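These values consider heavy atoms only, across backbone and side chains, with no hydrogens, waters or symmetry-generated copies. Start at 1 with the first residue, then count along the sequence. Please read these numbers as outputs of a predicted model, since none were measured by experiment.
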Amino acid sequence: MGMATDYDAPRKNDDDSESIEALKERVPDKMSGAVDVDDSDNPGSFELAGQDLSDLDLDVVVLPPQADEFTCVECFLVKHRSQLDHESKLGPICRECAA
């Protein structure tokens, strides 16, 4: 039988000797604020690098509930009727929540 291991004690190994400066050089700066010009997910002319967009008005079309949809009472997501598992006394429950 061996000695008990204290898993809460800090572990030292050879990798711990690397300086923080060396680690910073290997990791790209994620806070640089550069926006990719060819970003296909942002087709508009929005500059997302920390700008205040609170005065920008966005047009959002909200569709009313469709006849073939329901809102799950567990996850509150709107699902197609094909995802309906069963009706509880509180309302419809989707297959994912019933699993």
Side-chain angles (χ1 to χ4, degrees):
M1 236 187 224
M3 276 184 68
T5 303
D6 183 8
Y7 291 104
D8 293 328
R11 295 182 211 141
K12 297 286 183 190
N13 57 25
D14 294 335
D15 293 337
D16 291 342
S17 63
E18 193 170 6
S19 69
I20 190 74
E21 287 79 19
L23 290 173
K24 284 181 182 178
E25 288 175 10
R26 288 193 325 202
V27 178
D29 185 12
K30 294 183 190 265
M31 301 301 289
S32 66
V35 176
D36 188 6
V37 177
D38 296 328
D39 187 8
S40 62
D41 293 337
N42 185 15
S45 61
F46 294 119
E47 303 253 346
L48 300 177
Q51 286 187 330
D52 181 21
L53 301 176
S54 61
D55 61 337
L56 186 65
D57 290 331
L58 298 176
D59 294 329
V60 178
V61 178
V62 178
L63 298 175
Q66 304 297 304
D68 61 346
E69 295 176 337
F70 71 97
T71 302
C72 176
V73 296
E74 293 285 326
C75 63
F76 303 106
L77 294 176
V78 176
K79 305 266 187 158
H80 188 266
R81 282 278 172 203
S82 63
Q83 295 294 313
L84 179 66
D85 186 76
H86 68 277
E87 292 269 347
S88 71
K89 63 181 177 179
L90 298 175
I93 297 182
C94 70
R95 290 181 183 171
E96 290 181 25
C97 292

Is it the case that over 12 heavy atoms from other parts of the model lie below 6.0 angstrom from the CD atom of E69?
yes
With no hydrogens and no angle check, is any side-chain donor or acceptor of R95 less than 3.5 Å from a backbone partner on S82?
yes
Side chain to side chain, C75 and C94, heavy atoms closer than 4.5 Å
yes
Verdict with supporting geometry, V73 and I93, side chain to side chain contact (heavy atoms under 4.5 Å, CB included):
CA-CA 6 Å; V73 296; I93 297 182; 3.9 Å; yes
Which residue pairs pass the side-chain hydrogen bond (donor to acceptor under 3.5 Å, both in side chains) test with at least one member in residues 56-67, sequence neighbours excluded?
none
For K79 and E96, what are the C-alpha separation, side-chain angles and deciding distance, and is it a side chain to side chain contact (heavy atoms under 4.5 Å, CB included)?
CA-CA 11 Å; K79 305 266 187 158; E96 290 181 25; 3.5 Å; yes
Determine whether F70 and L84 make a side-chain contact, defined as any pair of heavy atoms from C-beta on separated by less than 4.5 Å.
yes
Could you list the residues that satisfy side-chain hydrogen bond (donor to acceptor under 3.5 Å, both in side chains) with D68, not counting sequence neighbours?
H80
Give me the other members of the hydrophobic cluster that V62 sits in, counting Ile, Leu, Val, Met, Phe, Trp and Tyr linked by side-chain heavy atoms under 4.5 Å, directly or via other members.
V60
